[in-house]
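In what follows, every chain begins at residue 1, and chains take the letters A, B, ... in the order their sequences are listed. Keep in mind that what you see is a predicted model, and the values were worked out from it rather than measured.
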Amino acid sequence: MTPQKSVKETAASLQEVTVRFPDGTELRFAKGALLSELLTRANPRWAEPTVALKVNGTVMGLGQRLLEAPGGTDPVLIEPIFFSSPEGQEVYRHSSAHIMAQAVKELYPNAKLAIGPPIEDGFYYDFDLGRPFTPEDLEKIERKMKEIIASRYPFERKALSKKDAIRFFEEKDERYKVELIRELPEDEIVTVYEQGPFTDLCRGPHVVSTQQIAAFKLLTAAGAYWRGDERNPMLQRIYGTSFPTQEALEAHLKRLEEIKRRDHRRLGKDLDLYNMIDEIGPGLVIWHPKGALIRKLIEDFWREQHLRHGYDFVYSPHIARLDLWKQSGHLDFYRENMYAPISIEGIEYELKPMNCPFHIMIYKSHLRSYRDLPLRFAELGTVYRYERSGVLHGLMRVRGFTQDDAHLFCRPDQIEQEILKVLDLTVFTLKTFGFDEYEIYVSTRPEKAVGSAENWERATAALEAALRTKNMAYRIDPGEGVFYGPKIDLKIKDVLGRSWQCTTVQVDFNLPERFHLSYIGEDGKEHQPIMIHRALMGSIERFFGVLIEHYAGAFPLWLAPVQMKVMPITDRQHAYAHDVAEALTAAGFRVETDARNEKIGLKIREAEMAKTPYMVILGAREVQGRKLSVRKRSGENVGELEIPSFIERLNNEVSNKSV
RNA sequence: GCCGGCGUAGCUCAGUGGUAGAGCAGCUGAUUCGUAAUCAGCAGGUCGGUGGUUCAAUCCCACUCGCCGGCUCCA
């Protein structure tokens, strides 16, 4: 199996070449030198252990040789890659995945290898085992991985012809690997990596030795289809993660704990915000009073902003005749997400999955002039979409949800300006909730789509132009547009750095055509308006779920369902507590009084667990001085205040919408 | 939808082929207390649902509903 080195290559390996390091240092090396030799000799005092090297811009493993470097330049440019970079993590975790695969093969020789890539925060490997992995299996695999790491196997790269590679993996009965290799181009050189007795198909690169994987943990096992296609066999996937130090691993595990602690499904129950129950059905939310109040406050804010930004509010029904959905094209392109029609007096009606056709009907209710445009119809519109049972997830993925929807009708020359306005409103809205960072994607034409290629291009160009004007960095997401037009998707980053898709802005050249929308232009002739669909928070349900996790349930004062609790220490302060609560309520705050015959410690504990922003503690001293002793949920003691100065403080905090 | 795990009191969870327990919450009483849990008593469950095996099922089996972790998909 050892590939033969050509005579020419051997000769070449004796020659020398200059290597330039990032600090400008240049050293001479034999062309056949191992990259790890470069590193030792150069002693470059790099702060972190080097995972791999970037050689003339290509990431290479330290076990590779200088002569494999691309470009064949002299000098050869070298850059270190540390674990702290995304590339370093990829190499490190990819190697970790190989170690896991070796462990699995040693423990379960019949397991077939599929694929095992690095992913964000870790790695996975898919196996065909014929049965699922149990938690005990994972423990055994972890122990075996530790042995493999202790064995200090070097990762050795071997190149094979496609034919040899197929034969090699056929002999091992690794049918998935064979399938992968067969799809490579005919003349492709296939590389494999060996670590001790284990060989895996792999492009690489890898760390030098298994010993380099210092700290790892296997996290979960789950089913996954071969190549993500449900018609293919179900494989068994093991997820794991690895880090160069035990501390870094533990920090990561702690973060996972933190994510669990913030889980909106747990907090939603603990804080009594909302629920989803069997009797009603999966993916259908009931909002309990506290959650409903928060929702109301969010919606009030939304309405206020939309009024200021020139939107008109509209309302539309939950069902409409099937014909409407035929005309809109939803029945052709969105059917799999729609519920079965309801027959009423012989006419079929359909539960709405989107609000657009209704807003279009409002547009069509008058003859429109170019002077009327742009028209902006906004609605907190509740829609119902069939989602497969396995994809439902708390508030993040439901079957009935309310979009903060709007449809803008404008002239072609107004598109860019309208999108700019939408972006402004989006940024302002998100910022109010403490989201300052986001990822932006522009999705282009999918396979299943209506409308001409030319229209798609025009629309996409408008979206990109607006983003460039706003200096907002974006990435292209090819083929991910909705069937009726390209879109901008904005994923917000929460306090833990996780991304959530909320905002979407979609240009639509198609619905105006299907519904024969028109306006009378300056020239007195009919023209077709452009339509823009947009939702800033996306779905109120999802946005609320994200907010719960973002704030860890501790809603800022302006959103907190109960803003403060008035807590008399004994019943001798009840009368004063009543007066205080009345004064605060009269000032417009949401106040509860805890007049139970309980110790103050318990009252504070319960207010803390309910994440109430302020606690107003009233004992004999406060009654005496007609004051308030104010404590924040952070534990901070604000001290003794007079009622008016407390109210002023609260008013400031609410009007600033301090996060 | 698919693979796997789970479903026991309002919540978090023990448990067993002979019809169930704890802590918290609830109710009652006592305690009048200064910044994250006062004490005692009481009450609370057709063990997700349906069917089957069995003298006997919460436990075993089948089906079904739901939840959780993934796959796929999306606001």
Side-chain angles (χ1 to χ4, degrees), chain A residues 124 126 129 131-135 219-239 263 265-266 269-270 272 275-283 334 336-337 353-355 381 383 385-405 443 480 482 487 489-491 500-504 506 533-543 545-546 567-574 596-610 615-622 629-633 635-639:
Chain A
Y124 69 80
D126 286 346
L129 186 65
R131 66 165 179 90
F133 287 104
T134 64
L219 299 169
T220 50
Y225 298 106
W226 168 234
R227 316 196 121 182
D229 189 327
E230 66 189 40
R231 288 164 302 192
N232 285 336
M234 175 71 73
L235 306 174
Q236 298 306 321
R237 174 172 300 180
I238 302 177
Y239 284 92
D263 192 315
R265 293 166 301 183
R266 163 168 295 275
K269 192 171 269 184
D270 288 351
D272 197 17
N275 205 3
M276 287 150 110
I277 58 170
D278 291 11
E279 290 87 332
I280 294 171
Y334 208 71
E336 58 197 32
N337 283 294
M354 294 190 190
N355 302 304
V383 297
R385 299 182 184 175
Y386 167 69
E387 298 287 354
R388 304 206 287 176
S389 58
V391 307
L392 299 173
H393 179 91
L395 292 174
M396 305 304 189
R397 192 72 181 276
V398 293
R399 285 182 175 159
F401 60 98
T402 301
Q403 294 180 305
D404 64 320
D405 209 358
S443 301
E480 291 302 311
V482 207
K487 60 175 179 174
D489 280 333
L490 205 139
K491 289 187 180 178
W500 303 99
Q501 164 150 11
C502 295
T503 309
T504 182
Q506 310 174 345
H533 311 240
R534 44 110 286 184
L536 308 187
M537 297 181 280
S539 116
I540 303 286
E541 282 74 5
R542 176 180 290 177
F543 195 72
V546 172
M567 309 190 299
I569 288 175
T570 75
D571 55 17
R572 286 189 292 276
Q573 290 88 42
H574 280 188
R596 293 175 302 169
N597 180 10
E598 294 289 354
K599 292 168 90 168
I600 195 68
L602 182 86
K603 295 181 183 181
I604 288 170
R605 176 182 156 77
E606 292 189 353
E608 284 285 349
M609 292 199 307
M615 286 155 248
V616 178
I617 296 156
L618 306 175
R621 283 203 304 272
E622 287 75 19
S629 176
V630 178
R631 180 194 202 275
K632 294 181 78 167
R633 65 184 159 201
E636 183 196 331
N637 188 358
V638 179

Of the nucleotides A75(B), U35(B), U38(B), which one has an atom closest to the side chain of Lys487(A)? A75(B)
Any N or O donor-acceptor pair linking the side chain of Glu622(A) to the base of G34(B) at under 3.5 Å? yes
Contact class for Gln236(A) vs. all strands (heavy atom < 4.0 Å): base, sugar-phosphate, or nothing? sugar-phosphate
Between Lys603(A) and G34(B), is there a contact of a side-chain N or O with OP1 or OP2 at under 4.0 Å? no
Is any side-chain heavy atom of Glu606(A) closer than 4.5 Å to one of Arg596(A)? yes
Separation of G69(B) atom C1' from Met396(A) atom CE, nearest Å, is 16 Å
With a 3.5 Å cut-off and heavy atoms only, can you find an N or O donor on one side and an acceptor on the other between the side chain of Tyr225(A) and the base of G1(B)? yes
Heavy atoms only: give me the nearest Glu608(A)-Lys632(A) pair and the separation to one decimal. OE2-O, 3.8 Å
Please report, rounded to the nearest Å, how far the C1' atom of G34(B) is from the CG atom of Leu602(A). 14 Å
To the nearest Å, how far apart are Asp278(A) CG and G10(B) C1'? 15 Å
Nearest of G1(B), G70(B), U38(B) to any side-chain atom of Tyr386(A)? G1(B)
Are Asn337(A) and Pro353(A) close enough that some pair of their side-chain heavy atoms sits under 4.5 Å apart? no
Whole Å only: how far is the CZ atom of Arg397(A) from the C1' atom of C67(B)? 17 Å
Write down the distance between CH2 (Trp226(A)) and C1' (C2(B)), rounded to a whole number of angstrom. 18 Å
Using OP1 and OP2 only, check whether a side-chain N or O of Tyr239(A) sits under 4.0 Å from C71(B). yes
Which nucleotide in the set C67(B), U32(B), U38(B) lies at the smallest distance from any side-chain heavy atom of Asp571(A)? U32(B)
Hey, is Phe401(A) stacking on A75(B)? Ring centres under 5.5 Å, planes under 30°. yes
Check this one for me: any side-chain N or O of Thr504(A) less than 4.0 Å away from OP1 or OP2 of A75(B)? no
Mind checking whether Thr402(A) and Glu541(A) have side chains closer than 4.5 Å, heavy atoms only? yes
Any N/O donor-acceptor pair, Glu387(A) side-chain to A75(B) base, under 3.5 Å: yes
Between U38(B), A36(B), C71(B), spot the one nearest the side chain of Ala224(A), thanks. C71(B)
Out of G66(B), A75(B), U72(B), which has the shortest distance to the side chain of Pro282(A)? G66(B)
Between A36(B), G1(B), C33(B), which one does the side chain of Ser389(A) approach most closely? G1(B)
Can you tell me, in whole Å, how much space there is between the P of A20(B) and that of U35(B)? 46 Å
Show the nearest heavy-atom pair for residues Gln506(A) and Thr504(A), with the distance to one decimal. NE2-OG1, 3.0 Å
Find out whether Val546(A) and Met396(A) are in side-chain contact, i.e. whether some heavy atom of one side chain is under 4.5 Å from a heavy atom of the other. yes
Under 4.0 Å, heavy atoms only, any strand: does Ala221(A) hit a base, just the sugar-phosphate, or nothing? nothing
Distance between C1' atoms of C73(B) and G17(B) (Å, rounded): 44 Å
What is the pairing partner of A37(B), taking Watson-Crick or G-U wobble pairs with both distances under 3.5 Å in any strand? none
Any idea which of A36(B), G34(B), A75(B) is nearest the Gln403(A) side chain? A75(B)
Quick check on C33(B): is either OP1 or OP2 less than 4.0 Å from any side-chain nitrogen or oxygen of Arg572(A)? yes
Just call it for Ile569(A): base, sugar-phosphate, or nothing, with non-hydrogen atoms closer than 4.0 Å on any strand. base
Base of C68(B) paired with side chain of Arg265(A) (donor-acceptor, under 3.5 Å): no
Look at the side chain of Arg227(A) against the base of C71(B) and say whether a donor-acceptor pair falls under 3.5 Å; ignore hydrogens and angles. no
Look at Arg399(A) and A75(B) and indicate whether a side-chain polar atom (N or O) is within less than 4.0 Å of OP1 or OP2. no
NZ/NE/NH1/NH2 to OD/OE distance under 4.0 Å, Asp229(A) and Arg227(A): no
Both Glu541(A) and Arg633(A) contact RNA chain B. Taking the nearest nucleotide for each, which residue is further toward the 5' end? Arg633(A)
Taking only the side-chain heavy atoms of Lys269(A) (C-beta and beyond), determine which of C33(B), C2(B), U12(B) contains the nearest atom. U12(B)
Pairwise 5' ranking along RNA chain B for Thr503(A) and Ile604(A), keeping only the more 5' one: Ile604(A)
So, does the side chain of Asn637(A) form a donor-acceptor pair with the base of U35(B) at under 3.5 Å? no
Is the phosphate of A75(B), meaning OP1 or OP2, less than 4.0 Å from a side-chain N or O of His533(A)? no
